[in-house]
Protein chains: 2
Amino acid sequence: MATAKGKAKSAAVAPAPTISEEGNRRGDIVRAAGRLFREKGYSATTIRDIAGAVGMRSGSPFYHFKTKHDMLLAVVLEGIRDIHAAVEVEARKDSPPRARFEAMLRAHLRQLLGEEGRDFAAALLHESRHLEAAELAEITALKDRYEAMWQALLKELKKTGEIADDSRTARLFLMGAMNWTVQWYRPEGPKGIDALAKQLAAFVLR
Amino acid sequence: MATAKGKAKSAAVAPAPTISEEGNRRGDIVRAAGRLFREKGYSATTIRDIAGAVGMRSGSPFYHFKTKHDMLLAVVLEGIRDIHAAVEVEARKDSPPRARFEAMLRAHLRQLLGEEGRDFAAALLHESRHLEAAELAEITALKDRYEAMWQALLKELKKTGEIADDSRTARLFLMGAMNWTVQWYRPEGPKGIDALAKQLAAFVLR
DNA sequence: GACAGTCAACCAAGCACTTGCTTGGTGATA
DNA sequence: TATCACCAAGCAAGTGCTTGGTTGACTGTC
């Protein structure tokens with residue numbers, strides 16, 4: 001028989017492997033799924049699309065994943081983990097708040113817009129609603145931990161007087177300005193990601 | 001025979017009726033489709049869902065629309081037209097720039113988050129990609145006209161010194177902060193829409 | 001005011017196709 | 001010889017959409 005491998009099940013409780021840790025073909029599937037989910041959306045992407053993108057037949061991905069749904073979960077988890085890791089590196093440095101803020105913006109935007117992470121990030125932002133309640137709760141928890149980092153920094157920026165409002169709502173405005181770039185940013189355009197981060201920092205701070 | 005009525009075709013060139021102008025059942029379908037598209041997404045919504053929501057059998061909506069695709073177009077067009085109309089009213093007044101800015105924010109957010117327009121707005125923001133190139137070009141043109149109103153106001157605000165950056169990118173940051181509210185705003189929460197508009201104005205202006 | 005005719009707005013049934021997923025089997029590798 | 005990673009084939013359910021027919025409200029005519 002050939003159902004999904006044992007190690008792949010119960011992703012909601014197990015630590016669940018990051019892409020770099022897991023077998024190559026499984027990682028290929030997650031990457032292809034991520035790209036297709038971003039381009040066409042989860043529901044409009046078929047198993048045959050994903051299988052074709054990695055040179056498999058339509059039944060074969062189910063050796064690695066129990067359901068299409070599990071693929072989405074893997075993609076979304078990869079998305080939140082990558083962003084968190086990238087931004088946390090900058091948040092831990094003890095440079096002055098404003099410099100740290102800019103560095104965090106850079107890291108976040110690179111994940112959103114750069115070739116490496118944008119597929120996972122887009123799925124995280126736009127396709128999470130197709131997850132079920134339990135899974136959604138899991139990634140919501142991760143998201144909360146992530147956004148707490150930003151909240152902490154806003155508090156610091158308020159102390160130094162570089163921002164007027166450090167409320168939850170203000171943080172969500174900031175997240176919106178950042179995450180919305182996915183809708184309009186074009187890498188072939190004139191402005192680079194780092195310049196964008198700088199401009200956003202200037203837009204928000206005073 | 002019973003294919004889509006003559007008056008319903010070639011929506012890309014004709015003025016296409018607003019919801020309030022058209023027959024009640026057609027309007028019912030557009031409203032139901034809008035709600036379902038927001039809740040489940042375009043691809044995950046079936047004709048049977050839409051038909052069921054208005055008390056029809058699965059084949060009957062095709063008396064009013066040639067394709068499911070055309071329903072999406074109707075929903076998205078309704079979305080951009082409503083927002084444009086609501087905000088334009090405020091933009092035309094000749095109150096001082098800051099007051100006009102706040103009023104426009106209010107109008108935009110009411111469309112996004114209020115019961116009346118949120119279904120259409122959500123479809124506009126999230127499901128437009130499922131349109132074909134020609135239709136997308138049409139709504140992009142409308143969107144450009146809409147955003148030009150904001151750009152003009154930013155220019156005014158720059159002159160009075162109430163904003164530092166009136167570039168296209170700055171406008172897109174603002175749009176992001178606004179449009180992202182769809183992802184997190186809960187009407188049952190403590191904060192009202194008008195208070196939100198006020199806070200956003202304070203966040204962006206100095 | 002009775003009555004045939006018209007037409008908008010549906011329904012019942014189903015067709016061709018696509019969907020996620022399953023099953024038994026197979027070649028390569030250890 | 002056992003396991004991994006896949007394929008070939010297909011199944012049941014669901015998909016958008018079509019077709020011919022029905023119903024009830026309205027119309028003009030005598």
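Below, chain A is the first sequence line, B the second, and so on; all start at residue 1.
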Counting C-beta onward and ignoring hydrogens, is there a side-chain heavy-atom pair between B:Y63 and B:R25 closer than 4.5 Å? no
Filter on salt bridge (charged side-chain N to carboxylate O under 4.0 Å, His left out), then keep only pairs touching residues 177-204 of chain B, sequence neighbours left out; what's left?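 Listed by first then second residue: B:R110-B:D194.
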Nearest whole angstrom, please: distance from the [atom2] of [N] to the [atom1] of [X].
X	N	atom1	atom2	value
B:F62	D:dT15	CZ	P	12 Å
A:Y42	C:dT19	OH	P	13 Å
A:H69	C:dC21	NE2	P	10 Å
A:N24	D:dC4	CG	P	17 Å
A:K68	C:dT18	NZ	P	15 Å
B:K40	D:dG14	NZ	P	12 Å
B:F65	C:dA9	CZ	C1'	14 Å
A:R25	C:dA28	CZ	P	16 Å

Give A:S43 one of three labels, base, sugar-phosphate or nothing, depending on what nucleic acid heavy atoms sit under 4.0 Å from its own. nothing
Under 4.0 Å from OP1 or OP2 of D:dC6: is there any side-chain N or O of A:H64 that close? yes
Please determine if a side-chain N or O atom of A:Y63 lies less than 4.0 Å away from the OP1 or OP2 oxygen of D:dC6.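 No, because none of the side-chain N or O atoms of A:Y63 sits under 4.0 Å from OP1 or OP2 of D:dC6.
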Is the [X] ring parallel, tilted or perpendicular to the [Y] ring (thresholds 30°, 60°)?
X	Y	answer
B:H130	B:Y42	tilted
A:H108	A:W150	perpendicular
A:Y146	A:H84	tilted

What's the closest nucleotide to the B:I47 side chain, out of D:dG16, D:dC7, C:dT19?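 Out of D:dG16, D:dC7, C:dT19, the nucleotide with an atom closest to B:I47's side chain is D:dG16.
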Enumerate all atom pairs, one protein N or O and one N or O from nucleotides 8-11 of chain D, separated by less than 3.5 Å.
residue, atom, partner, partner atom, Å
D:dA8, OP2, A:R57, NE, 3.1
D:dA8, OP2, A:R57, NH1, 3.3
D:dA8, OP2, A:R57, NH2, 3.4

Between A:S167 and B:Q199, do the side chains contain an N or O donor and an N or O acceptor separated by less than 3.5 Å? yes
Measure the CD1-NE2 distance between A:I29 and A:H64 for me, rounded to the nearest 0.5 Å.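 Spacing of CD1 (A:I29) from NE2 (A:H64) equals 4.5 Å.
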